[in-house]
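As structure tokens, the structure follows; a few thoughts come after it.
Sequential numbering from 1 along the given sequence is applied to the chain's residues.
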Amino acid sequence: MTQPTSTTSRPISRVPLNMSFLVAMALFVLPFVNIRCMYSQQRVTGVQLVTGFENSNDFMGIGNRSLERNQPNVGKRTQPNVFAILALVAGIAGFGVSFSSSRKAGQWCFAAALAGVTALVILFIDIKSSVKKIDLGDLGKSNEMNLQLTAEFTEWYYLCVIAFAVSAYFARRYMLAVNKVLLLRELDLPSTGSGTTPLSPSGASGTAQDDQTA
């Protein structure tokens with residue numbers, strides 16, 4: 001006995017991919033790194049790393065001219081960090097492409113997510129090495145003052161790295177699901193897994209059908 005063919009639609013959801021990129025971008029407004037010098041600190045957001053920021057002049061006391069003369073970097077503007085820029089651009093690009101109906105959208109999103117992770121890791125190394133190179137003058141050599149400038153990355157930075165890594169995971173899943181549907185279409189077989197792929201010009205998902213026989 002043969003039952004009527006049942007048609008079910010199983011869309012390949014892009015929501016997790018969209019949201020993971022969105023979270024990665026949103027985290028840039030939060031502090032990524034704390035720059036410390038004894039009892040003073042400056043919190044720098046991801047956006048400030050992208051746009052550049054003024055170095056705090058309250059390290060070791062406000063208005064202490066002798067200290068300011070020995071700290072040539074205090075009060076000056078730190079230039080935008082190229083790796084922070086690349087990470088944010090990767091997030092924006094991945095988020096935008098994640099809405100695309102192109103067959104290669106998953107591949108581009110995967111590449112953008114990996115680029116974001118890589119840029120943030122290099123950003124970590126770059127800032128750590130840059131802080132070590134800052135010359136505090138004679139005060140930095142004083143045993144009494146024992147000045148030391150350090151950069152401590154916050155939990156928001158690490159969450160941003162994780163968000164990009166999660167984006168890469170969802171992008172790969174999406175890419176494999178689309179490739180599976182395309183392969184089944186070429187073989188003219190019913191799909192048994194996720195059954196849609198965004199191949200229509202309007203960006204809507206196409207539908208794969210499952211035929212069940214008893």
Side-chain angles (χ1 to χ4, degrees), residues 20-95 109-172:
S20 57
F21 273 117
L22 183 60
V23 169
M25 291 188 297
L27 287 170
F28 271 79
V29 304
L30 298 172
F32 267 23
V33 59
N34 291 330
I35 302 175
R36 298 179 183 272
C37 186
M38 291 192 69
Y39 303 108
S40 299
Q41 72 171 352
Q42 180 174 5
R43 298 170 69 86
V44 183
T45 67
V47 173
Q48 288 177 313
L49 292 174
V50 171
T51 62
F53 60 95
E54 295 290 338
N55 295 330
S56 175
N57 56 10
D58 63 351
F59 285 131
M60 300 303 300
I62 298 175
N64 191 327
R65 299 299 178 185
S66 62
L67 291 178
E68 291 177 4
R69 285 195 298 270
N70 284 279
Q71 291 178 272
N73 294 283
V74 170
K76 292 186 178 181
R77 183 173 181 81
T78 297
Q79 297 301 312
N81 187 288
V82 63
F83 301 110
I85 295 174
L86 290 175
L88 183 57
V89 169
I92 295 173
F95 181 70
C109 286
F110 184 72
L114 288 184
V117 172
T118 303
L120 287 177
V121 171
I122 299 177
L123 171 68
F124 180 95
I125 299 173
D126 181 60
I127 291 181
K128 286 288 189 179
S129 61
S130 296
V131 167
K132 291 181 180 180
K133 295 178 182 178
I134 294 178
D135 184 11
L136 296 177
D138 295 334
L139 290 175
K141 303 175 183 178
S142 172
N143 292 329
E144 296 180 0
M145 299 295 292
N146 191 26
L147 291 180
Q148 186 177 6
L149 198 64
T150 61
E152 299 176 358
F153 283 82
T154 68
E155 64 274 14
W156 306 117
Y157 163 82
Y158 294 107
L159 284 175
C160 189
V161 176
I162 293 173
F164 273 113
V166 171
S167 298
Y169 169 75
F170 284 122
R172 179 165 175 77

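Here the CD1 atom belonging to I162 is positioned 11.0 Å from the CD atom belonging to E155, to the nearest 0.5 angstrom. With rounding to the nearest 0.5 Å, the separation of OG1 in T51 from CD in Q79 is 10.5 Å. We find the OG1-CZ distance between T154 and R43 to be 7.0 Å, quoted to the nearest 0.5 Å. Going from atom SG of C109 over to atom CZ of F95 covers 10.5 Å, rounded to the nearest 0.5 Å. Between L27 atom CG and W156 atom CH2 the span is 7.5 Å, to the nearest 0.5 Å. In this structure, the separation between CG on N81 and CG on D126 is 5.0 Å, given to the nearest 0.5 Å.
Of the residues listed (L49, V50, L120), the one engaging L88 in a side-chain contact (heavy atoms from CB on, under 4.5 Å) is V50, and it is the only one.
The minimum heavy-atom distance linking A113 with F164 is given by the pair CB-O, 3.4 Å. The two residues S20 and F170 have their closest heavy-atom pair at OG-CD1, 4.3 Å. Smallest separation of non-hydrogen atoms from C160 and A24: SG-O, 3.4 Å. Nearest heavy atoms, Q48 versus F53: O-CD2, 3.7 Å. Considering every non-hydrogen atom in both F21 and G91, the closest pair reads CD2-O, 3.8 Å. Shown here for G116 and A90, the closest heavy-atom pair between the two residues is N-CB, 3.8 Å.
Put simply, the side chain of I127 does not reach to within 4.5 Å of the side chain of Y157, judged on heavy atoms. With a 4.5 Å cut-off on side-chain heavy atoms, F124 and Y158 count as touching.
Each side-chain hydrogen bond (donor to acceptor under 3.5 Å, both in side chains) pair with one or both residues in residues 112-122, not counting sequence neighbours, would appear here, but there are none.
Between the side chain of Q42 and the backbone N or O of E54 there is at least one donor-acceptor pair closer than 3.5 Å.
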